[in-house]
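For reference, the structure is listed below as structure tokens.
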Amino acid sequence: MMPGPGMVPVVTLLALACLALLAVGYAVVGALWLWPRSRAVAAGVFPILLTETLIVGVVAGAFLVGGWLLLALLILHSLRAGFEAARITLPRGGIDGPLPALAAALAIAVLSGLAALLPLYLMTGGAVLLLVLGIGVFRRVRPGGAPGAVLELALFPGLPLIVFTAAALGGEAAWLLIAFLLVETFDSYALLGGKLFGRRKVFPQLSPRKTAEGLAVGAAMLVLTAALAGYLLFGFPVHLSAAVALVTGALTVAGDLAASRLKRAAGVKDFPKVLPHQGGLLDITDAWIAAGAGLVALSALS
């Protein structure tokens, strides 16, 4: 369990921190709008900020209300994200149509419920072991076949999504909100930094919009935000908060690249769209799934 004054106060503080982060975002975009040289950047970022407002509002509100509403939304998220991934991954193995994709999504949701019944250390340890073994096997299976497609879906988003959802069902939802706050901080400032200073592309094939400058700005602001929030809200040592922030940043990039790999292999730009300027639900939450599962695993195994 996460250290702190109790589950409800921790979640409340984190949800309010998410809303505060959103307010800072509006202030930054407003300041850029006042500066003529960056007005075009502000105009390009503002529509994205509006959809981010909806996302942050839904997530923060669901965690604040908690209870069955939060669990229901996370289960629906698991079903939708699993379906989106399966819908573009399974056809590459000759398994086409919405019914197999729905069956895969239901399997992920059911396994999440079963995993929530296990002790946290056992659930996360087993998931990490399966992930490592699965990657080893995946490197040896025949590309383009059904086993390869199913295994690819299981590696991402399957296993991380199971850990992510099971953590909430098992009472570890605060870690997911911490991950959301850190991911949103990193992504927001990486996007802004890339638009302002971006020159050198770091993943030209998988994610051509990511630049070294944008990632550096995102990482710097993530560490600063985590250090301040961790110390002010929970009294965490600055170096511990900074370390958690850096790990989360790495997991954020890994989750985004894993989802991009699925899309590039399937020849699509986005998962089935749910929001303008965002794409599908998995486009929105791929990094959160990876970071949330990673933080839950680290908390259980540390």
Side-chain angles (χ1 to χ4, degrees), residues 74-116 118 123-167 203-210 251-275 278-294 297:
L74 288 174
I75 291 172
L76 289 174
H77 165 261
S78 175
L79 288 170
R80 175 66 188 189
F83 177 81
E84 288 180 1
R87 197 71 180 90
I88 71 167
T89 303
L90 294 182
R92 291 171 44 224
I95 309 172
D96 204 353
L99 288 181
L102 180 59
L106 287 171
I108 291 173
V110 170
L111 289 172
S112 299
L114 294 176
L118 299 174
M123 183 262 288
T124 54
V128 170
L129 179 60
L130 287 174
L131 187 64
V132 173
L133 292 176
I135 292 173
V137 173
F138 182 73
R139 293 167 63 91
R140 292 169 172 78
V141 299
R142 180 174 63 86
V150 172
L151 183 55
E152 188 172 16
L153 179 65
L155 292 175
F156 190 87
L159 280 171
L161 189 53
I162 289 170
V163 173
F164 181 94
T165 309
F203 306 109
Q205 298 300 320
L206 284 180
S207 189
R209 289 183 293 182
K210 281 185 172 56
L251 290 169
T252 298
V253 175
D256 185 65
L257 293 179
S260 294
R261 183 186 180 281
L262 293 181
K263 292 185 290 185
R264 297 297 178 270
V268 300
K269 182 178 183 295
D270 294 316
F271 293 102
K273 186 169 290 188
V274 295
L275 281 177
Q278 296 288 346
L281 188 60
L282 195 51
D283 289 299
I284 298 170
T285 62
D286 50 9
W288 186 24
I289 291 169

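- When the side chain to side chain donor-acceptor pair (under 3.5 Å) test is applied to E152, the partners found at least two apart in sequence or on another chain are R92, R261.
- Residues R87 and D96 form a side-chain contact, since some pair of their non-hydrogen atoms from C-beta on lies under 4.5 Å apart.
- Taking all atoms of both residues into account, the shortest heavy-atom contact from I162 to I108 is CG1-O, 3.8 Å.
- Here T124 pairs with nothing under the side chain to side chain donor-acceptor pair (under 3.5 Å) rule; sequence neighbours left out.
- For G255 against A290, the heavy-atom pair with the smallest separation is CA-CB, 3.6 Å.
- The two residues L251 and G294 come nearest to each other via the heavy atoms CD1-CA, 3.7 Å.
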Can you check side chain to side chain contact (heavy atoms under 4.5 Å, CB included) on F164 and T285, steps first, answer last?
CA-CA 11 Å; F164 181 94; T285 62; over 6 Å; no
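- The CG atom of D270 lies 10.0 Å from the CD1 atom of I88; values are rounded to the nearest 0.5 Å.
- Residue pairs meeting the salt bridge (Lys or Arg N to Asp or Glu O under 4.0 Å) criterion with at least one partner in residues 126-141, sequence neighbours excluded, are absent.
- In terms of the side chain to side chain contact (heavy atoms under 4.5 Å, CB included) criterion, residue partners of L131 (sequence neighbours excluded) are, by chain and number, I135, L155, L159.
- Residues A85 and L282 approach most closely at CB-CD2, 3.7 Å, considering heavy atoms.
- Identified under the side chain to side chain donor-acceptor pair (under 3.5 Å) test for residues 105-116, with sequence neighbours left out: none.
- Remark: R264 CZ is packed, more than 12 non-hydrogen atoms of other residues, nucleotides or ligands lying under 6.0 Å away.
- Rounded to the nearest 0.5 Å, atoms CG (L161) and CG (D286) are 11.5 Å apart.
- Checked against side chain to side chain contact (heavy atoms under 4.5 Å, CB included), V110 has the following partners two or more places apart in sequence or in another chain: L114.
- For S207, the side chain to side chain donor-acceptor pair (under 3.5 Å) criterion is met by K210, not counting sequence neighbours.
- Smallest separation of non-hydrogen atoms from E84 and L281: OE2-N, 2.9 Å.
- Residues that satisfy the side chain to side chain contact (heavy atoms under 4.5 Å, CB included) test with A109, not counting sequence neighbours, are S78, L79.
- Residues L102 and F83 approach most closely at N-CD1, 3.7 Å, considering heavy atoms.
- Contacts classified as salt bridge (Lys or Arg N to Asp or Glu O under 4.0 Å) and involving residues 99-115 (residues at least two apart or in different chains) are not found.
- For the side chain to side chain contact (heavy atoms under 4.5 Å, CB included) test, residues two or more places apart in sequence or in another chain that qualify with A293 are P160, V163.
- Checked by atom type and distance alone, the side chain of D283 pairs as donor or acceptor with a backbone atom of F271 at under 3.5 Å.
- Between atom CG of residue L206 and atom CG of residue D256 there is a gap of 9.5 Å, rounded to the nearest 0.5 Å.
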